[in-house]
Structure formats: C-alpha cells, structure tokens
Amino acid sequence: RRTRKSKISKTGTRKYSNSTNKTRNEAAYIISAKWILPIIPENTLYTNHSLVVNTNGTIADIIPTKNLNKYPAHIPRIRKSDHILMPGLVNAHTHVPMAALRGVADDLPLDAWLEDHIFPIEKEHVSPEFVRDGSKVAMAEMIKSGTTCFNDMYFFGDETAKQVDIAGIRGVIGSTLFTFPTLWAKNDKDYLDKSVELVEKYLDHPRITMTIAPHSPYNVSDQQFKDTLKMVRKYDLPFPIHIHETDKEVIESIKTYGKRPIARLNELGIINDHLTAVHCTQLDDQEIDLLAKNGTSVAHCPESNCKLASGVSPVSKLLERGVNVCLGTDGVAANNDLDMFGEMRAASLISKVVNNNPKNLDAFTVLKMATYNGAKALRMEDKIGSLQVGKQADLISVRLNCLFTAPSYDPLTPLVWSASRKNIEDVWVAGKILMRNGELITVDEEDAVSTLKEWGATIESTSSPAIKIKYVKG
C-alpha cells in the first residue's frame, strides 16, 4: 500500500547552506556538485556538497564535499563542478504513446482538433504496436528532457509499462475510460475490467503504478465515475481527469446536467485527494475553494492550453488557497513536445502577465511545481520529488557554466530562464544511470527516431494530417 505523505518541515527565505545529514552505510557512489537543489527544505541551495547514493537506490547522505573523507576512498566519485544537481522532473500529465502524432493537426481549437483529426486517426491506427512504439520514443525524449516520472493517460497500458521497465524510468500509467467503444475496450465493463486487471498486475512493481483515468466529464458516465472511485479507494491510487479544459465544456455541462462539471463530479465524490484535475482553465472562486478543501491536485499544462487557446489556469489563486499545483506537458500532439523546462518557463511567464505581477511564480515556485508538487499529486512525495535522505535517488544534473546560462549569480534563475533540456547531462532513477553526459544508456535514440519516421509515413499515407503549407516539389 502506498502511503499518502509524510510531514516535512519548511524553511523561509533562500539560504546558501552547509547543512549535513547523518552518514549511512552501503554507499554505491558519490556525486559531488557545485550546487545541490533539494527542493525540500524550500528555498535552500547547498553549495559544494556531495550526494551519496546507497546500493538500494536511495539517497544515503547529503554532505559538504570537504567532509567526504568519512567515506572510503574506493567508493566511486562523480564530479559535476559546473552543474546543479536537482530532483528529476515529474510530468504530471501526458499521453506518451501519441509521439507519432506530433504535428499531425496544429493551430486548431480543442473540439475540432480532437473530433476532426485526433479521434479519427486514433480509430484507424491505435493498437498495441502503436502504443509500444510511441511509448519507446517518449521514454527517450523524457529522459533527454530530465523527466524521471510521468503520469500518463491512454490505452494498452501494458505496452507502455513494458517500455517504462526497459527505459528504467518511473511511471503512473492510467487506462482511459470512455462511454464509446475503442480498439482498447468495447463497453463500460470492458474498460473497467481491463483497467483493474492492469492495476493488480503491477501492484508490486517498484517503479510502475497502474491506475484508472476517466477521460473527461463529457466523455464518461456517472456510473463509470462511481466505479472508478471504488477502485481508486480500494487500491489507494492517484487518478487524472481532464476537467474544465475549455469554456465550451462548462457550457455544455450546464445544458446537459444543469450544473458545471466540477459540481457534478463533487456530487459523485470524485473531487478528492486522489484526483489530479488536469487543465482547469475555467474555475470560479467557489470551485477553487472546493479543490483546496478536498485536497485535489491540479495539473497545469500551460503550453498545450496556449496552443489550443483553451484558456489559462488561475495558478496564483490556486496556490494562494493551498491547492497543490503541478506541471504537465500534455501529449506531443497538443504541445508539441515533452519538455518540462518549457512548461516551467511558460507557466511563470503566463502567470506574470495575466496577473500583471512580475513576482508571480518565481523560479523556485515553478521548480517545486515541476518536482515535489508533481510527486505529491501522484501520492509519491514520500519517495520522490525532493533530494532527502531515505528517498529514491531520482535526480538530474544540469550544466550551468556555459554560454547560454553563465554567469549564475543565483543558480535558480538561469535554471528556469536560460537553461533548456539541452543543458541536462545526467539522469538517474532509483540510483540507476539512464543518461550519462547527454548520451542515453537504456534507450536507443537512433532507433527511436527511425520508429517515428516509419509511423509518420504510415499515418501520412492512410490518414489526412491537417497540413496547410504548399509543397513545391523538386
């Protein structure tokens, strides 16, 4: 059973600290960095510290590098003298198998994008092979982008899980529910049965959590929501739903049910602390208070919402009221990438201009949203999301001493405002190295690119991508 959370003390203003923790045995290797950003304690940055990783993949110690003589000299040392070491990023909402649909339908509103392009293409092409290949590609992109954990919503979750296992990443994989048949399931019972089967299959997996993911209030029935709630409580699962993504969704709900989607879901018991409400661009003050009261998390997907002109989530208000707000990329068909560095920057910029306040969503706030808050939404904050003794060694190194980011007066600001995923050099999950000096270790990058080309040719020859540009053949 996954525990909900453990209380962790907070600090006030940022401090450049030399705090240490107790020495632990069974050290596997030691990473020494110019800076270590633990996220918890808040607004704290360790300078010239080293992080010790246990043989079981957990963090054993965070200690000033000058004190490393307490550890035997034979323990391997990794030196990152121009880098900041920080928790791996948590992508709180995405659809990883859709990698082959990048750019298939752009510059469209959500309803036309979904109903006229995405759903028809998926109806023709979605299969276990489509999910397998898309997931394989997404694993490569996420690791290269510093993402160590993701929250997915799609079909054939077993195929995604297999790629997660190979890549060594961490994933919460949701099986999507609809009221209409798909190639994944033919009716309500089939959707639920297959979802629960996968949940039970992976209950004991150290890095994979299977869950149930009702698509949205307009595509899922009351009974499906009730059945989901029973399973979520039975297995103590996090679960995502697209909620209040557009004003049209809210208007149609009032016409159909006589109430807004969140009011309907609240009556069904769905608005609770297991739920990650995705998008939430159309919220009133009463709904924000309801989310806060019930411990519901919100996954903010700023780039996708901007690209589809869906609206802007009131992130500042949500945070002020105590709602846990995390960040997600959405799928590459809507975004068009899995780059959490882009989401951090977009979230901050949008909040500043919408609220006419340059202090909104500062660098540390969005870094916490992209790490610890995402872990909390997935009910994993006791394991990941911050660099603390006893937690899983899910971490990344980001090079800051380079042309595009130096000088680093306050390393957190270039991390958000200047750095990109190209600055990421190393990625570890549960202490295992997945990328070293920018080179993928567990996924074949060339094979991933080749796979994308093959699916692109297949989809272009059998479907109708929304391509507007006129080609002049040579």
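All values below were derived from every heavy atom in this structure, side-chain atoms included, with hydrogens, water molecules and symmetry-related copies excluded. For reference, positions follow the sequence shown, starting with 1.
Applying the 6.0 Å contact sphere to CD of E129 captures more than 12 heavy atoms from other residues, nucleotides or ligands. The number of heavy atoms from other shown groups lying within 6.0 Å of NZ (K352) is above 12.
Checking side-chain atoms of K194 against main-chain N and O of W184 turns up a donor-acceptor pair under 3.5 Å. At distances below 3.5 Å, not a single donor-acceptor pair connects side-chain atoms of S297 with backbone N or O atoms of T276. Remark: the backbone N or O of Q282 is paired with a side-chain donor or acceptor of H244 at under 3.5 angstrom. At distances below 3.5 Å, not a single donor-acceptor pair connects side-chain atoms of N67 with backbone N or O atoms of I63. In this structure a side-chain-to-backbone donor-acceptor pair under 3.5 Å is missing from H49 to I36. Of the possible polar contacts, none joining the T58 side chain to the N54 backbone as a donor-acceptor pair under 3.5 Å is found. In this structure a side-chain-to-backbone donor-acceptor pair under 3.5 Å is present from K391 to E381. A donor-acceptor pair is defined here as one N or O able to donate and one able to accept, closer than 3.5 Å; no such pair exists between the side chain of S351 and the backbone of A347.
Using modelled atom types and a 3.5 Å distance limit, the side chains of S418 and T405 yield no donor-acceptor pair. One side chain, S316 or N360, offers a donor N or O that lies under 3.5 Å from an acceptor on the other.
Between I84 and L415 there is a side-chain heavy-atom pair separated by less than 4.5 Å. Side chains of K136 and T451 form a contact here, defined as non-hydrogen atoms less than 4.5 Å apart.
Not a single side chain to side chain donor-acceptor pair (under 3.5 Å) links N373 to another residue, sequence neighbours left out.
Ring geometry, H242 versus H93: the interplanar angle exceeds 60°, so the pair is classed perpendicular (tilted spans 30 to 60°).
For the side chain to side chain donor-acceptor pair (under 3.5 Å) condition, the pairs that include at least one residue of residues 432-441, sequence neighbours left out, are K80-N437.
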Apply ring pair (Phe, Tyr, Trp, His ring centres under 6.0 Å) to W455 and F130, showing your working.
-> CA-CA 8 Å; W455 273 106; F130 177 90; 5.2 Å; yes

